[in-house]
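Scroll down for the structure; my scribbles are underneath it.
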2 protein chains.
Amino acid sequence: MAARDYGQFGGLSRALELVGERWALLIVRDLLVGPRRYGELAAGLPRIPTNILATRLKELQAAGVLRRAPHSRVIVYELTPYGRELEPVVLALGAWGFHALGDPRDEQVITPDSMTMDLRTAFRPEIAAGLPPTGYGMRLGEAGLLIRVEGDAVAVTRGDGPADLSFTAGPGIHRLLAGELAPERALASGVVEVLSGPRDLLGRFAHTFHLAA
Amino acid sequence: MAARDYGQFGGLSRALELVGERWALLIVRDLLVGPRRYGELAAGLPRIPTNILATRLKELQAAGVLRRAPHSRVIVYELTPYGRELEPVVLALGAWGFHALGDPRDEQVITPDSMTMDLRTAFRPEIAAGLPPTGYGMRLGEAGLLIRVEGDAVAVTRGDGPADLSFTAGPGIHRLLAGELAPERALASGVVEVLSGPRDLLGRFAHTFHLAA
DNA sequence: CCGCATCCCATGTGATACTG
DNA sequence: CAGTATCACATGGGATGCGG
């Protein structure tokens, strides 16, 4: 459990000692979306062994990145203020990895929390500021995401509800965000299926959430 | 050698599959300073086992992060354009880890490349833009760094040479950059020893290179 | 000597089972 | 549900070997 040490005294090596272990930043990513219970974290990281999750949570707690907090009878894990300062790191790394995504493999899943952070990564406030407030409903297999864009801010929450445009998103949705797939082609190929609302609102969505190379 | 997979399809998990292995980002950090030979990388990462270094270099090459390039008879490793896009990530992670640095342990070393990136992390262009061009010479044990600040840009190179202010930096130099140690106290405590130039130029240095909390 | 490859052992990881 | 225990295995660490 002793944080494995790189033998160097510097900002990056210290950071990697704290959050550089396998799975650690993925846990942080999910907690950036909101506090989560142990079981919710395990569900959001389907392939993490439960003992590793337990170990990481203890390490990250010792590092001051997260804390266990009682929340109406149950215990949740939540980021400390210091842990929340990892948000720019997670967004920057996510943006970088986005461009190497390639094609999704069958075994790979898209969890609501990972999609939430990918949306935050791709969000362009300068663009959004010039658009009217819009609500999108994205269906992601079992889960639903509600995406509210208002001014230069975005809020992504879990659940279903009324939206200006509701659509299901397949794995290819990332190609839409990357600009590799035009909205019309996304609709034509079935990557996106509109459930309700005007189809051309998908263009506004793609314009608002776009990861420039 | 098969990149260990997180079973998720998202920007962050992809990034961690490419550069999330142990030592990988430290290699990238050193290559952000400039192309390096195998032996130079090994010297800059004193505790990396040589087989791990060889393995990482191959993995990072396969990931498109770096390439082997012949450079006047010898082979050097250099970042690809895609690899260079990791600079914001390295700077952000470095800034985050900086605030958890604590006190240096005896076994911990400060390498020229790690100090170079820490200086880039702490550099404040807005501040520098209002100051006259200045050259600093930082002595770091065996090695010397030449730091040129001009306009809103900084350039750090290895070596010795004339400078407006030359000084030796002990491990506590990071506390100066973090703003925990005032320049006068750094001089009084011997963390910094001026070799040449007016002592009060250290104030300008600390103002230019400062990591706000 | 530099640039790795090989070997061996300690440790971390992963899958599963199990307990309060 | 929220973890802990166990064990096989992969990876990391350190020393050493070796060809160009």
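Side chains included, hydrogens not; waters and symmetry mates left out as well; all remaining heavy atoms used. Letters go in sequence order (proteins before strands), and every chain restarts at 1.
- In the set C:dT16, D:dG13, D:dG12, the nucleotide with an atom closest to the side chain of A:Thr50 is C:dT16.
- The distance between atom CZ of B:Arg56 and atom C1' of C:dG3, rounded to the nearest whole Å, is 18 Å.
- Using bins of under 30°, 30° to 60° and over 60° for the plane-to-plane angle, the ring pair A:Tyr136/A:Phe167 lands in the perpendicular bin.
- Salt bridge annotation for B:Glu78-B:Arg36: absent, with no cationic side-chain nitrogen under 4.0 angstrom from a carboxylate oxygen.
- For A:Arg22 and B:Tyr6, the positive end sits near the middle of the six-membered ring, less than 6.0 Å away and at most 45° from its axis.
- In this model, the phosphate group of C:dT13 is not approached by any side-chain N or O of B:Tyr6 to a distance below 4.0 Å at OP1 or OP2.
- Side-chain contact annotation: A:Gln8 with B:Arg29, donor-acceptor N/O pair under 3.5 Å present.
- For B:Asn51 and D:dG14, a side-chain-to-base donor-acceptor distance below 3.5 Å is present, hydrogens and geometry of angles not being considered.
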- [ ] Treat a base pair as Watson-Crick or G-U wobble with both distances under 3.5 Å, then lay out DNA chain D in dot-bracket form, 5' to 3', with | for cross-strand pairs.
- [x] ||||||||||||||||||||

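- Whole-Å rounding puts the B:Trp23 CH2 to D:dT11 C1' distance at 14 Å.
- Of the residues B:Glu21, B:Glu17, B:Glu59, the one that meets the salt bridge (Lys or Arg N to Asp or Glu O under 4.0 Å) test with B:Arg4 is B:Glu21.
- Relative ring orientation between A:His174 and A:Phe98 is described as tilted, the plane-to-plane angle lying within the 30° to 60° band.
- Taking the ring centre of B:Phe209 as origin, the terminal cationic atom of B:Arg120 falls outside the region bounded by 6.0 Å and 45° from the ring axis.
- Comparing D:dG13, C:dA5, C:dC4 by their nearest atom to the side chain of B:Arg22 picks out D:dG13.
- To the nearest 0.5 Å, atoms CG (A:Leu93) and OG (B:Ser13) are separated by 11.0 Å.
- Rounded to whole Å, the distance from CG on A:Leu53 to P on C:dG12 is 18 Å.
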- [ ] For salt bridge (charged side-chain N to carboxylate O under 4.0 Å, His left out), just list the numbers for A:Arg175 and A:Asp103, CA-CA rounded to whole Å, side-chain angles, deciding distance to a tenth of an Å, and then say yes or no.
- [x] CA-CA 9 Å; A:Arg175 299 192 52 215; A:Asp103 292 320; 5.1 Å; no

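- Only at 4.0 angstrom or more do the heavy atoms of residues 25-40 of chain B sit from any atom of DNA chain D, so none qualifies.
- Close to C:dG3, at under 4.0 Å from its OP1 or OP2, lies no side-chain N or O of B:Lys58.
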